[in-house]
Amino acid sequence: MNKLIVGNWKMNGGMASNEVLLGSIVDGLFSVSHAQLAVCVPAPYLAQVQTRLQGSALAWGSQDVSAHEQGAFTGEVSAHMLKDFACRYAIVGHSERRQYHGETDEVVATKAQRALASGITPIVCVGETLAEREAGQTEAVVKRQLAAVIHAVGHCTSELVVAYEPVWAIGTGLTATPEQAQQVHAVLRAQLMAASQKANRVHILYGGSMNAANAASLLAQADIDGGLIGGASLKPADFLSIAQSAKA
Ligand code: PEP
């Protein structure tokens with residue numbers, strides 16, 4: 001299975017700088033042999049990204065999706081709307097949304113359901129805080145977060161992408177060691193396999209300060225099928241270099 005390397009731009013970008021960033025990534029795609037790439041961009045730029053990337057090998061997606069189908073939900077963006085811009089992916093349950101917007105496991109699960117119903121692959125983020133890790137709760141936390149989604153999506157479990165993102169490693173420069181990450185990925189793989197026989201094809205991404213220097217050792221782990229990249233995805237050379245570290 002090819003690795004999947006997804007950029008999460010977060011709330012960064014602008015019409016002019018997006019053009020440069022996308023152009024540089026597309027120009028460098030020839031140098032990547034064993035990874036599929038995607039960028040998850042702020043919703044207002046989806047039209048620009050669709051126009052720029054149509055016909056290229058770089059896929060795109062959103063950073064969130066509404067848990068509601070349509071109606072009086074001011075400020076929300078529905079899965080149906082994202083589909084209008086040909087989004088292939090939607091990140092759901094990013095720790096910044098859980099932390100700053102109070103998203104519960106149930107809300108995240110509903111968002112995953114909404115995405116799937118519109119033919120969009122949800123990238124379901126799970127991960128423990130530093131306090132939870134220190135209290136020995138890492139496995140219990142990520143299993144609880146993933147269980148809510150599996151319960152909601154049922155036989156579509158094999159259509160998910162899962163991202164293990166230890167909260168203490170996001171944007172901090174701290175990275176889980178390859179062994180720490182692999183240990184959690186193996187737990188998630190077992191949970192997915194128990195839910196669906198086809199779950200061996202689910203990409204389980206690692207996210208949390210992944211960069212050009214540490215990507216190869218993380219991506220070499222048996223159950224690390226790619227990366228969700230924040231800060232480094234805004235630097236085309238670094239993003240491409242991470243993707244180049246994926247080996248067959
Ligand atoms: C993220 O936002 O999903 C992320 C992993 O960020 P960073 O790579 O900057 O830690």
Side-chain angles (χ1 to χ4, degrees), residues 3-13 17-18 21 25 35-43 45 49 58-65 87-101 103 108 111-112 115 120-130 132-133 138 141-142 145-146 149 160-178 180-182 184-185 188 203-219 221 223-246:
K3 305 281 185 198
L4 175 62
I5 306 293
V6 181
N8 172 16
W9 289 6
K10 312 196 189 202
M11 199 171 71
N12 293 293
S17 62
N18 296 347
L21 177 52
I25 299 172
Q36 301 159 238
L37 276 75
V39 287
C40 289
V41 307
Y45 298 129
V49 168
L58 181 58
W60 62 92
S62 66
Q63 298 171 9
D64 187 26
V65 60
C87 283
R88 171 124 175 233
Y89 299 104
I91 296 174
V92 299
H94 192 281
S95 64
E96 287 153 15
R97 300 232 33 110
R98 292 181 191 259
Q99 191 179 345
Y100 306 135
H101 302 271
E103 292 192 7
V108 173
K111 290 183 171 202
I120 295 169
T121 300
I123 299 176
V124 178
C125 299
V126 300
E128 82 287 4
T129 62
L130 187 57
E132 288 164 340
R133 173 163 283 266
T138 298
V141 168
V142 298
Q145 291 172 334
L146 184 56
V149 176
L160 301 172
V161 169
V162 174
Y164 169 54
E165 298 209 307
V167 178
W168 48 272
I170 297 178
T172 57
L174 296 172
T175 319
T177 64
Q180 281 174 324
Q182 166 58 27
V184 178
H185 280 233
L188 297 171
H203 282 89
I204 308 179
L205 315 181
Y206 169 78
S209 299
M210 201 190 243
N211 59 38
N214 60 28
S217 54
L218 286 160
L219 294 173
Q221 300 299 311
D223 292 297
I224 300 188
D225 308 313
L228 183 54
I229 321 294
S233 73
L234 300 171
K235 300 175 198 149
D238 290 23
F239 189 53
L240 287 163
S241 163
I242 291 169
Q244 288 157 3
S245 0

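All ligand and atom numbering here is 1-based and tracks the order in the structure.
Where the criterion is an N or O separation shorter than 3.5 Å, residue side chain and backbone included, Leu228 fails it with respect to ligand 1. Residue Ile170 has no nitrogen or oxygen atom sitting less than 3.5 Å from a nitrogen or oxygen atom of ligand 1, judged on distance alone. At under 3.5 Å, not a single nitrogen or oxygen of Glu96, backbone or side chain, sits near a nitrogen or oxygen of ligand 1. Remark: ligand 1 and Gly231 share an N or O pair separated by less than 3.5 Å (distance only, no angle test).
By the 30° and 60° cut-offs, the orientation of the rings of Tyr206 relative to His185 is tilted.
His94 places a side-chain N or O within 3.5 Å of a backbone atom of Glu96 that can act as its donor or acceptor partner. Under a 3.5 Å cut-off, the side chain of Asp223 and the backbone N or O of Gln182 do not form any donor-acceptor pair.
Contact annotation: the side chain of Trp9 approaches that of Val39 to within less than 4.5 Å [non-hydrogen atoms, C-beta and beyond].
For atom 8 (O) of ligand 1, the closest non-hydrogen atom on the protein side is Gly230 N, 2.8 Å. Looking only at heavy atoms of the protein, atom 3 (O) of ligand 1 is closest to Glu165 OE2, 2.7 Å.
Using a 4.0 angstrom heavy-atom cutoff, Ser233 does not count as in contact with ligand 1. Residue contacts with ligand 1 do not include Ala232, since none of its heavy atoms lies under 4.0 Å from the ligand.
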